[in-house]
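Please read the structure below before turning to the comments.
Reminder, nothing fancy here: chain letters follow the sequence lines and each chain counts from 1.
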Number of protein chains: 2
Amino acid sequence: MPKVSHSMMLRSPSEELAVLRTSSLAAVVEREVERLILNGRFSPGERINENKLASELGTSRGPVREAIRALEGSGLIVSVRNRGSFIRRLSVQEVREVYEIRSALFGLAGKLLAERVTADQLERLNGYVTGMEEASRERNFDAYYPLNLAFHEFIVDSAGNAMLAQQYRSFVKKLHLFRARSLVQGGGLGVSNKEHREMLSAITARDPVWAHEAHCRHVVSARDRLLNVIEAEAGKPDRT
Amino acid sequence: MPKVSHSMMLRSPSEELAVLRTSSLAAVVEREVERLILNGRFSPGERINENKLASELGTSRGPVREAIRALEGSGLIVSVRNRGSFIRRLSVQEVREVYEIRSALFGLAGKLLAERVTADQLERLNGYVTGMEEASRERNFDAYYPLNLAFHEFIVDSAGNAMLAQQYRSFVKKLHLFRARSLVQGGGLGVSNKEHREMLSAITARDPVWAHEAHCRHVVSARDRLLNVIEAEAGKPDRT
DNA sequence: CCCAAAAAAATTGTCAACAGTTAACGAAAA
DNA sequence: TTTTCGTTAACTGTTGACAATTTTTTTGGG
């Protein structure tokens with residue numbers, strides 16, 4: 001009896017079977033654990049109990065261990081022999097490192113996109129940006145964030161470098177491994193919109209150097225906003 | 001009885017045990033398989049036989065499967081359910097993608113290093129570059145390549161971003177997944193030396209923008225050399 | 001001789017059991 | 001009361017077995 005379906009995305013039994021035919025149980029467990037991490041159901045530093053997880057997902061420990069190793073390979077989990085596997089916890093320094101790398105990757109995406117962008121793509125990019133500006137004016141955060149996410153995804157997906165897109169996503173995921181996940185995507189709507197506008201201008205102008213500059217800066221400034229908040233928090237320790 | 005030691009780096013029995021106490025068998029297998037891939041004992045596209053590998057390394061299939069999943073997570077292996085796991089094979093397009101990313105990462109390393117380089121580090125960098133120039137004059141390839149490798153490693157390790165260093169290495173490893181591994185590190189000693197000189201100058205000048213430029217260009221030009229060779233090979237198909 | 005279907009072998013996917021290690025708990029001594 | 005030691009429980013590491021699938025070989029017909 002596959003308890004899997006309970007805690008997973010809803011799927012019809014036939015679909016469930018179709019998935020099991022092409023991807024191993026380990027792969028299913030891997031996706032599920034990643035989801036649990038990204039949703040915050042697993043917190044950074046938390047230990048993963050193989051037995052518990054296996055019975056919750058209705059499998060044995062074998063596939064669970066394989067899934068854990070896969071996630072370890074992609075940097076979301078850290079294992080210590082005989083002690084267990086833990087959700088990776090990023091220090092402030094490591095968050096800084098992630099942003100530096102992400103900045104370089106996103107800058108590359110901007111540059112590549114500027115060199116190859118099509119009219120259709122420009123139109124869609126414009127749609128995202130004006131949409132975000134509108135949502136921002138209306139203080140409609142629930143509309144803003146999905147648009148913001150889609151905008152960034154669209155850029156890295158349109159750059160013509162699949163590995164780059166995958167790596168970029170991998171580093172965005174890593175930011176969920178910081179203790180204060182909620183702070184990461186916070187703040188600075190007005191500033192962001194201005195930056196988005198410039199990115200769009202650079203891409204529209206098909207200017208790779210400018211686009212690289214603008215895209216890099218956008219991530220760096222997101223990093224600075226986050227570090228400022230962290231520093232502010234460090235000042236007034238308590239409150240939780 | 002651990003047949004492991006045969007195919008691995010030589011270690012005394014006590015050391016062997018010390019390793020086994022801190023790293024699981026799966027981790028040992030993972031390192032070993034990675035070594036086999038990087039040494040070319042496993043070729044891109046080749047299938048990995050779990051039973052065979054397990055008995056060769058003196059373990060059971062469990063740790064082997066875990067190791068395979070870890071390597072899948074870091075992008076060296078691809079698995080298909082019920083068919084097996086295969087050493088990943090990179091297309092020319094994917095090689096191009098790897099170089100683009102590597103260029104961005106190495107450019108970042110150069111920029112960061114230019115901002116924080118110490119006198120000691122400058123001296124060592126200078127040593128590498130003059131060493132390579134000397135080896136190049138003497139046509140001493142056996143001396144050149146280790147120096148070249150150490151030079152690049154030293155740069156990414158000194159940039160003050162551990163994750164960047166790890167990622168950079170990961171992408172260099174991926175280049176071994178191209179069918180013609182041997183071509184990857186070939187050619188262009190004179191040109192490389194000129195580029196190395198400029199990189200050193202930019203770092204010495206502590207000029208982040210220049211260093212970024214120079215480091216990026218260095219990787220791009222390595223890519224172009226490789227792509228030229230590939231194109232030349234495509235012209236005259238046979239010979240193997 | 002070649003092709004298709006069936007049988008056999010090989011290989012992967014999953015599981016349950018066992019061994020070894022670590023962590024938790026409680027009792028005895030300082 | 002605190003600390004230390006020993007016992008017990010929980011958990012991880014590894015293995016071998018079994019089930020399911022794919023690949024190879026064999027066999028029979030055209």
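Surrounding CG of Asp142(A) are at most 12 heavy atoms belonging to other residues, nucleotides or ligands under 6.0 Å away.
We find that CG of Asn51(A) is positioned 17 Å from P of dA9(D), with the value rounded to whole Å. Atom-to-atom, CG of Leu53(A) to P of dC15(C) comes out at 13 Å; the value is rounded to the nearest Å. Across the protein-nucleic acid pair, Ile48(B) atom CD1 and dG13(C) atom C1' stand 17 Å apart, rounded to whole Å. The CD atom of Glu30(B) sits 14 Å away from the P atom of dG13(D) (whole-angstrom rounding). Put simply, CG on Leu25(B) is 11 Å from P on dG13(D), counting in whole angstrom units.
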N/O contacts under 3.5 Å, protein versus nucleotides 7-10 of chain C?
none

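Between Arg31(B) and Glu34(B), no side-chain nitrogen of the basic residue sits less than 4.0 Å from a carboxylate oxygen of the acidic one, so the salt-bridge criterion is not met. A salt bridge between Arg169(B) and Glu153(B) is present, with a side-chain N of the basic residue lying under 4.0 Å from a carboxylate O of the acidic one. Ion pair Arg69(A)/Glu72(A) flagged as a salt bridge, since at least one NZ, NE, NH1 or NH2 atom sits closer than 4.0 Å to an Asp/Glu carboxylate oxygen.
Within the 4.0 Å cut-off from OP1 or OP2 of dT23(D), not a single side-chain nitrogen or oxygen of Arg47(B) is found.
A side-chain donor-acceptor contact under 3.5 Å links Asn161(B) to the backbone of Met163(B). When atom types are taken as modelled, the side chain of Arg88(A) and the backbone of Gly75(A) share a donor-acceptor pair closer than 3.5 angstrom.
Side-chain contact between Ile230(B) and Phe178(B): present, with at least one pair of heavy atoms (C-beta onward) separated by less than 4.5 Å.
Contacts with DNA chain C (heavy atom under 4.0 Å) in residues 64-75 of chain A: none are found.
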Walk along nucleotides 16-21 of chain C from 5' to 3' and tag each nucleotide B, S or - by protein heavy-atom contact under 4.0 Å, base first, then sugar-phosphate. -B---S
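Comparing dA23(C), dG13(D), dT12(C) by their nearest atom to the side chain of Arg83(A) picks out dA23(C).
Donor-acceptor pairing under 3.5 Å is recorded for the side chains of His152(A) and His218(A).
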